[in-house]
Protein chains: 2
Amino acid sequence: MNKRNSQTTKKELKFAILATDVVLLTMDKKVLKVLLVETAAATPFPKMKTLPGGLISPNETAEAAVERHLAHKAGVSGAELEQLYTFSSVKRDPRGRVVSVAYLGLRPTISLGTKERPVYWQDVRHLPRLAYDHNEIVSKGVERLMAKLSYTTIAKGLLPEQFTLSELQSIYESILHHEFDKRNFRKKVLALGCLKKLGAKRRGEAHRPADLYRFVGGGSQVFEIL
Amino acid sequence: MNKRNSQTTKKELKFAILATDVVLLTMDKKVLKVLLVETAAATPFPKMKTLPGGLISPNETAEAAVERHLAHKAGVSGAELEQLYTFSSVKRDPRGRVVSVAYLGLRPTISLGTKERPVYWQDVRHLPRLAYDHNEIVSKGVERLMAKLSYTTIAKGLLPEQFTLSELQSIYESILHHEFDKRNFRKKVLALGCLKKLGAKRRGEAHRPADLYRFVGGGSQVFEIL
DNA sequence: ACAAAAGTGTTAGTGGTACACCCATGC
DNA sequence: GCATGGGTGTACCACTAACACTTTTGT
């Protein structure tokens with residue numbers, strides 16, 4: 001274990017392929033959806049769908065690789081990204097050892113598809129069997145989102161710059177599968193002090209216009225628990 | 001991006017060395033300590049200390065590699081382990097690209113050292129400069145522990161099978177740097193229903209003997225937040 | 001007998017939960 | 001004018017936080 005750094009053995013140490021996969025989530029009319037792409041024809045999972053992702057280059061970080069692949073494969077940029085988990089099962093990929101650093105990404109609204117590469121937004125509650133261990137990765141991403149809704153402003157990543165309190169509440173209810181009382185919900189989130197009421201209102205719908213809000217501060221903030 | 005899987009290019013994809021590092025924490029008399037080992041002589045950080053860790057083999061998972069290195073380098077087995085974060089900065093290791101899947105490990109008591117390889121338990125509040133980006137990894141580990149104390153039974157990993165409520169409280173106070181009221185603390189943790197009072201008491205100290213408890217159920221449990 | 005930590009209840013305040021009606025708009 | 005979601009206040013309950021003394025042991 002000491003003199004393993006000679007030039008000869010060094011090459012053998014480079015046995016693994018490093019990849020990333022992204023669980024990119026968005027809300028589409030009260031349904032949480034994940035972005036999927038078609039597998040390339042020459043893979044061990046023909047016709048199946050996969051998470052967008054790909055290899056990490058020698059001179060880029062995992063996060064940079066995620067951003068690059070999201071842009072190339074799905075035309076998506078500017079998503080809120082956080083590292084999710086690293087999947088290192090030996091048999092993940094039948095072709096050989098591939099370790100994947102998975103990320104969770106959130107997008108305000110579904111900006112569907114691109115030129116040639118087709119993309120799909122699938123309801124996370126009704127997923128088909130995905131290639132590799134990607135069903136497992138999606139589960140982990142959804143779990144993370146559910147957990148973080150409780151104590152952070154992670155919902156920010158799923159909302160446009162300006163939004164109504166009903167839209168925010170709808171995100172919580174749809175993802176957590178739990179209804180909240182409107183008045184109590186408003187009291188609670190406003191008491192956190194992370195929302196700013198804008199003068200404007202959302203008009204154009206067949207009911208009273210709703211006040212618009214935005215999150216103050218960047219990123220997702222964490223609140224006290226104990 | 002499509003036909004990259006031919007035999008010729010496949011070799012070039014294996015550019016990275018995959019490693020693991022462990023932030024192994026324990027409590028030593030109200031001080032949170034991390035396990036460090038000496039760097040091997042031929043590394044770019046001579047005389048500095050590092051986290052225990054090492055390469056991931058082609059046919060083992062990251063978690064298996066952590067367990068193997070912990071056993072070999074520090075004689076430690078049976079620690080509670082959870083994946084912490086994957087560090088993929090391009091320049092982490094001056095010798096070349098090394099991506100490290102870091103783990104957080106907890107041990108009940110300090111079982112110090114082994115035969116030849118010396119190990120050190122260092123107060124996490126007063127760490128020297130460590131090799132590589134290991135100071136950053138330790139910080140992330142301590143943050144994770146602090147956060148999880150609030151909503152899980154992660155403290156279980158730092159305690160022996162049987163323990164007193166004062167010992168449990170001391171862990172919370174030492175790690176969170178915050179004192180709790182004894183009566184309120186007891187009420188709260190007992191109300192969670194995850195502790196079982198044993199008949200026995202801890203004797204032999206110059207004061208009234210304390211009731212012994214143990215955690216019910218395995219692993220670390222999560223509690224409701226919202 | 002003394003030192004040292006263990007164990008135990010009550011109160012006041014705060015935050016959570018449950019609940020029903022009027023408002024502003026588009027059609 | 002009617003249908004649709006938007007916006008608001010109060011009362012009760014549960015949990016949290018503050019607080020002091022007696023008990024049991026070892027020396």
What residues, two or more places apart in sequence or in another chain, satisfy side-chain contact (heavy atoms from CB on, under 4.5 Å) together with A:R203? A:P209
To the nearest angstrom, the CD-P distance between A:E179 and C:dA18 comes to 13 Å
For DNA chain C, whose closest nucleotide is more 5', that of A:D181 or that of A:G204? A:D181
side-chain contact (heavy atoms from CB on, under 4.5 Å) filter on B:E60, not counting sequence neighbours, yields B:I56, B:S57, B:A64, B:A65, B:R68
With no hydrogens and no angle check, is any side-chain donor or acceptor of A:D181 less than 3.5 Å from a backbone partner on A:N184? yes
Side-chain donor-acceptor distances from residues 133-140 of chain B under 3.5 Å, at least two apart:
residue : atom : partner : partner atom : Å
B:D133  : OD1  : B:R92   : NE           : 3.4
B:D133  : OD1  : B:R92   : NH2          : 3.0
B:D133  : OD2  : B:R92   : NE           : 2.8
B:H134  : ND1  : B:L51   : N            : 3.1
B:S139  : OG   : B:N135  : O            : 3.2

When the distance from CZ of B:F185 to C1' of C:dA6 is rounded to whole Å, what number comes out? 15 Å
Examine B:K196 relative to B:F215 and say whether NZ or CZ is less than 6.0 Å from the centre of the six-membered ring and inside a 45° cone about the ring axis. no
Under-3.5 Å donor-acceptor pair between A:N184 side chain and C:dA18 base: yes
Interatomic distance where NZ belongs to B:K187 and P belongs to C:dT8 [whole Å]: 12 Å
Test: side-chain hydrogen bond (donor to acceptor under 3.5 Å, both in side chains). Region: residues 212-223 of chain B. Which pairs qualify, not counting sequence neighbours? none
Can you pull the contact range of chain B along DNA chain D, 5' to 3', using atoms under 4.0 angstrom from its heavy atoms? D:dT16 to D:dG26
Sub-3.5 Å pairs of nitrogen or oxygen atoms, protein against nucleotides 2-5 of chain C:
none

Once you round it to whole Å, what is the distance between P of C:dA18 and NZ of A:K188? 11 Å
Residue pairs passing the salt bridge (Lys or Arg N to Asp or Glu O under 4.0 Å) test where at least one lies in residues 145-155 of chain B, sequence neighbours excluded: B:E82-B:K148
I need the CZ-C1' distance between A:R183 and C:dC22, as an integer number of Å. 12 Å
Taken to the nearest whole Å, CG/B:L168 to P/C:dA6 is 12 Å
Any residue meeting side-chain contact (heavy atoms from CB on, under 4.5 Å) with A:E63, in chain and number order, not counting sequence neighbours: A:T61, A:E67, A:L81, A:Y103
CG of A:D211 versus P of C:dA24: gap in Å, rounded? 12 Å
What side-chain donor-acceptor pairs closer than 3.5 Å can you find for residues 163-170 of chain B, not counting sequence neighbours?
residue : atom : partner : partner atom : Å
B:T164  : OG1  : B:E167  : N            : 3.1
B:S166  : OG   : B:R186  : NH2          : 3.4
B:E167  : OE1  : B:T164  : N            : 2.9
B:E167  : OE1  : B:R202  : NH1          : 3.3
B:E167  : OE2  : B:R202  : NH1          : 2.3
B:Q169  : NE2  : B:E173  : OE2          : 3.0
B:Q169  : NE2  : B:F180  : O            : 2.9

C:dG7 OP1/OP2 closer than 4.0 Å to side-chain N/O of B:R186: yes
